[in-house]
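Worksheet for the structure shown next.
So that the names make sense, note that chain A is the first sequence line, chain B the second, and so on, each numbered from 1.
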Amino acid sequence: MSEEKSLNFLEEIIEEDLKNNTHQGRVHTRFPPEPNGYLHIGHAKSICVNFGLAQKYNGKCNLRFDDTNPSTEETAYVESIKTDIEWLGFKWDHEYYTSDYFGTLYQYAQQLILKGLAYVDDSTAEEMATLKGTPTTVGVNSPYRNRSIEENAQLFEEMRAGKYPDGAKVLRAKIDMKHDNMLMRDPVIYRIKHAHHHRTGDAWCIYPMYDFAHGQSDSIEEITHSICTMEFIPHRELYDWLIEKLEIFPSHQYEFARGNVSYMVTSKRRLLQLVKENHVAGWDDPRMPTISGLRRRGYTPASIRTFWEHVGVAKRDNTIDINLLEFYIREELNKVALRRMAVLDPIKLIINNLDEHESISLQAENNHEVENAGERTISFSKNLWIERDDFMENPPNKYFRLGPGLKVRLKHAFIIACTHFTKDQNGQITEVYADYYPESKSGQDTSGIKVKGVIHWLDASSAKQAEVRLYDRLFTVEDPTSETGDFKDYINPNSLTIIQNAWIEPALTSASLEDKFQFLRLGYFCKDRNSTNEHIIFNRTVGLKDSWAKEVKKG
RNA sequence: UGCCUGAUGGUGUAAAGGUAGCACAGCAGUUUUUGGUACUGUUAGUCUUGGUUCGAAUCCAGGUCGGGUAACCA
């Protein structure tokens with residue numbers, strides 16, 4: 001089989017540059033988060049693209065915090081972002097902050113003023129908005145547009161010195177108020193903000209705007225390929241204009257389509273709302289699409305990387321089916337997760353032909369997908385727990401589990417035959433009775449009995465209790481933001497089901513936070529960070545594929 | 001309405017003028033001591049109208065539809 005992986009458009013650009021020796025064979029990218037929120041699944045794509053490209057082409061990737069707006073940014077976010085990137089498995093070449101360049105950026109602004117390409121404007125925000133025009137009507141020059149170079153230089157210096165209050169003046173690039181691209185209509189490049197900055201403290205009271213910081217920072221770091229999402233396309237013209245006028249290193253911007261995933265929302269505003277209004281338990285709630293949420297949910301870094309790698313990079317709008325993400329986490333967990341048994345909704349199973357104090361030791365494989373995964377010892381005795389779902393009073397034809405007169409195998413143990421059962425006055429099954437076949441022991445079955453079904457179970461005398469949290473998608477519709485009404489109207493009321501008293505294998509009590517488990521026939525689980533020795537909590541990462549459920553649904 | 005983008009099965013993504021392929025999902029089956037996994041088979045696609053060409057998903061022109069864009073946010 002020839003593994004001929006085609007290149008995405010960014011790889012094509014880079015390979016073309018490499019061929020033409022555009023940057024002396026250098027590939028240098030950067031990941032530029034703003035430290036004002038937590039990273040989510042969409043950022044993970046950008047991280048995979050930027051760090052991935054650098055890796056593939058033997059280049060470098062910087063981490064640069066785009067911290068030009070002191071009123072929204074915090075050091076706490078810086079830490080969470082770094083944690084998440086490292087967890088995803090990437091290493092940055094340098095850790096930079098746009099605020100490191102405030103001095104240089106200030107000088108760049110002065111140069112622009114000296115070239116007659118920037119001016120100080122006293123207009124209010126409203127006045128500027130009016131003068132700016134609309135996409136279909138051209139803008140009008142500000143009355144301050146023709147101030148002399150000397151006056152502009154003087155005023156800008158005074159802005160920096162703190163002579164004016166917030167909003168009193170801005171520095172604008174002098175481009176063209178009639179430009180088709182709204183961003184070229186004399187964009188604001190510096191504004192006054194008497195705010196404490198998380199890194200520079202009170203050293204500055206003027207801060208550069210994104211457009212006067214990002215491209216210049218790329219240039220300072222000699223970034224060869226500045227890769228961002230499609231909504232920045234209109235900014236590229238300004239990006240290039242500034243680099244040209246400033247005569248600095250010609251970084252270039254390339255845009256790809258952000259990756260959307262069905263049943264998830266990723267806008268910072270909406271995520272913040274979910275947290276603030278307590279629809280979820282925090283930024284790392286396992287239902288959140290944040291990296292920290294996915295981590296707590298039990299997703300692995302590799303599964304997220306593989307997911308984005310297979311999704312690919314292109315320029316068209318897209319919504320990726322959440323099934324694909326779930327496929328990749330299942331694929332990985334199937335190979336690494338230790339198999340254990342747990343009973344979430346128990347009914348008692350009593351073995352008729354076993355004495356009360358009898359106990360049989362059995363060996364159970366930890367993961368038969370992997371050699372050397374080892375075995376553990378489990379016990380089998382008279383009183384067992386089985387899943388309520390695994391017994392039916394009047395089972396349909398293709399039901400391969402337990403029912404009156406039916407036989408099944410208890411995983412890793414014996415074949416049993418149901419003799420009778422009891423119900424309470426509400427018609428709820430309370431106890432199921434069965435005979436076991438001693439000669440049908442798992443691995444050394446000489447009984448000759450064939451059964452189609454295998455169910456999981458727990459020895460009631462040794463099982464431990466735990467809390468199990470079953471997570472489902474947070475929303476009931478693929479794209480809650482495109483529906484009528486508020487996106488929160490579409491929150492899935494069943495996104496979290498808490499089972500307070502589930503039964504688990506004793507071996508599970510010593511689980512670590514990093515361990516991944518498959519609860520046989522139920523799904524993949526991991527221990528929650530809020531677990532204590534007395535109270536263990538397991539989170540369901542994702543269920544197993546369930547073709548029986550599908551069958552039932554079809555009727 | 002201006003400018004910028006984009007359009008390939010249900011979803012995502014390939015095919016650089018020459019057999020429309022891959023993955024997920026779906027469906028059918030084989031295997032199975034997890035109704036899991038693995039394996040096999042299978043359904044289904046080039047937005048539209050013209051043009052260029054022996055030949056067009058690809059090139060050209062018009063149209064249609066989607067997305068972005070009018071913060072002292074990034």
Side-chain angles (χ1 to χ4, degrees), chain A residues 4-8 12 32-34 36 66-69 71-73 98 121 123-125 128-129 132-139 166-172 179-185 187-193 207 209-211 213-214 228-237 255 257 259 262 268 310-328 330-331 334-335 339 341 365 368-369 398-401 408-413 415 440 442-443 445 451-456 478 518-523 543-552:
Chain A
E4 203 162 304
K5 184 100 164 52
S6 52
L7 302 178
N8 66 48
E12 282 175 6
E34 185 190 10
N36 71 343
D66 221 337
D67 55 353
T68 57
N69 187 356
S71 32
T72 57
E73 295 150 4
T98 301
D121 196 326
S123 306
T124 63
M128 276 182 50
K132 195 155 202 170
T134 68
T136 49
T137 59
V138 295
D166 288 6
K169 286 176 165 44
V170 292
L171 183 69
R172 292 228 253 173
H179 204 108
D180 281 334
N181 183 346
M182 297 292 288
L183 280 160
M184 298 296 274
R185 320 242 263 227
V188 173
I189 57 178
Y190 258 97
R191 79 289 215 184
I192 301 170
K193 257 182 199 272
Y207 294 93
M209 297 289 290
Y210 165 83
D211 286 301
H214 199 99
C228 60
T229 45
M230 300 288 281
E231 65 267 27
F232 290 95
I233 290 178
H235 293 255
R236 190 176 60 226
E237 198 168 10
E255 311 87 8
S262 63
K268 276 180 189 171
H310 282 257
V311 163
V313 182
K315 302 181 83 152
R316 67 185 89 101
D317 296 332
N318 62 81
T319 303
I320 303 132
D321 194 334
I322 195 168
N323 277 314
L324 194 60
L325 216 210
E326 296 186 344
F327 169 81
Y328 287 113
R330 282 196 191 100
E331 185 184 54
N334 176 50
K335 285 180 275 188
R339 311 292 129 126
M341 294 200 282
E365 305 157 304
H368 67 289
E369 300 281 329
K398 288 194 286 186
Y399 187 78
F400 303 143
R401 309 176 193 177
V408 283
R409 172 174 292 283
L410 297 179
K411 180 71 182 177
H412 298 133
I415 293 175
S440 68
S442 198
D445 185 350
V451 291
K452 292 199 101 161
V454 179
I455 63 172
H456 59 277
E478 277 192 33
Q518 182 194 105
F519 289 179
L520 246 46
R521 303 208 304 136
L522 295 175
L544 256 24
K545 283 184 75 178
D546 188 349
S547 54
W548 171 244
K550 218 183 285 178
E551 194 73 28
V552 171

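- A:His456 comes within 4.0 angstrom of no nucleic acid atom, judged by non-hydrogen atoms across all strands.
- Distance noted for atom P between B:rA7 and B:rC60: 13 Å (whole Å).
- Counting any heavy atom pair closer than 4.0 Å across all strands shown, A:Val313 reaches sugar-phosphate atoms only and no base atom.
- OP1 or OP2 of B:rU33 has not a single side-chain nitrogen or oxygen of A:Arg339 nearer than 4.0 Å.
- For A:Arg521, a side-chain nitrogen or oxygen approaches OP1 or OP2 of B:rG35 to under 4.0 Å.
- B:rG12 and B:rU49: their C1' atoms are spaced 29 Å apart (whole Å).
- Phosphate proximity of B:rC72 to A:Arg172: absent, as no side-chain N or O sits under 4.0 Å from OP1 or OP2.
- Contacts of A:Ala125 with the nucleic acid, taken as non-hydrogen atoms under 4.0 Å apart, include base atoms.
- Within the 4.0 angstrom heavy-atom criterion, no nucleotide atom of any strand lies near A:His179.
- No engagement by A:Gly523 is indicated, since no non-hydrogen atom pair under 4.0 Å with the nucleic acid exists.
- Here A:Val170 lies in heavy-atom contact (under 4.0 Å) with a base.
- Across all strands, A:Ser547 comes closer than 4.0 Å only to sugar-phosphate atoms, never to a base (heavy-atom distances).
- OP1 or OP2 of B:rG36 has not a single side-chain nitrogen or oxygen of A:Lys411 nearer than 4.0 Å.
- Within the nucleic acid shown, A:Lys452 has no heavy atom closer than 4.0 Å to any nucleic acid atom.
- In this model, the phosphate group of B:rC24 is not approached by any side-chain N or O of A:Arg330 to a distance below 4.0 Å at OP1 or OP2.
- In this structure, A:Arg236 reaches neither bases nor backbone, as no heavy-atom distance under 4.0 Å exists between it and the strands shown.
- Listed pair A:Lys545 / B:rA25 meets the phosphate criterion, a side-chain N or O lying under 4.0 Å from OP1 or OP2.
- Within the nucleic acid shown, A:Glu12 comes within 4.0 Å of at least one base atom, counting heavy atoms only.
- No hydrogens or angles were tested; on distance alone, a donor-acceptor pair under 3.5 Å links the side chain of A:Glu369 to the base of B:rG36.
- For a distance-only test at 3.5 Å, the side chain of A:Arg409 qualifies as a donor-acceptor partner of the base of B:rU33.
- The base-pairing partner of B:rC24, taking Watson-Crick or G-U wobble contacts with both distances under 3.5 Å, is B:rG10.
- For the P atoms, the distance from B:rG41 to B:rA15 is 25 Å, rounded to whole Å.
- Ring-centre distance between A:Tyr210 and A:His235: below the 6.0 Å cut-off.
- Here A:Thr319 lies in heavy-atom contact (under 4.0 Å) with sugar-phosphate atoms only.
- Within 4.0 Å (heavy atoms only), A:Tyr399 reaches at least one base atom of the nucleic acid.
- Within the nucleic acid shown, A:Gln518 comes within 4.0 Å of at least one base atom, counting heavy atoms only.
- Residue-level contact check: A:Ser262 touches neither bases nor backbone, having no heavy atom under 4.0 Å from any strand.
- Proximity note for A:Asp180 (side chain, C-beta onward) versus B:rG26, B:rU34, B:rC3: the nearest is B:rC3.
- Between A:Arg521 and A:Asp546, none of the side-chain N atoms (NZ, or NE/NH1/NH2) sits under 4.0 Å from a carboxylate O, so this pair counts as no salt bridge.
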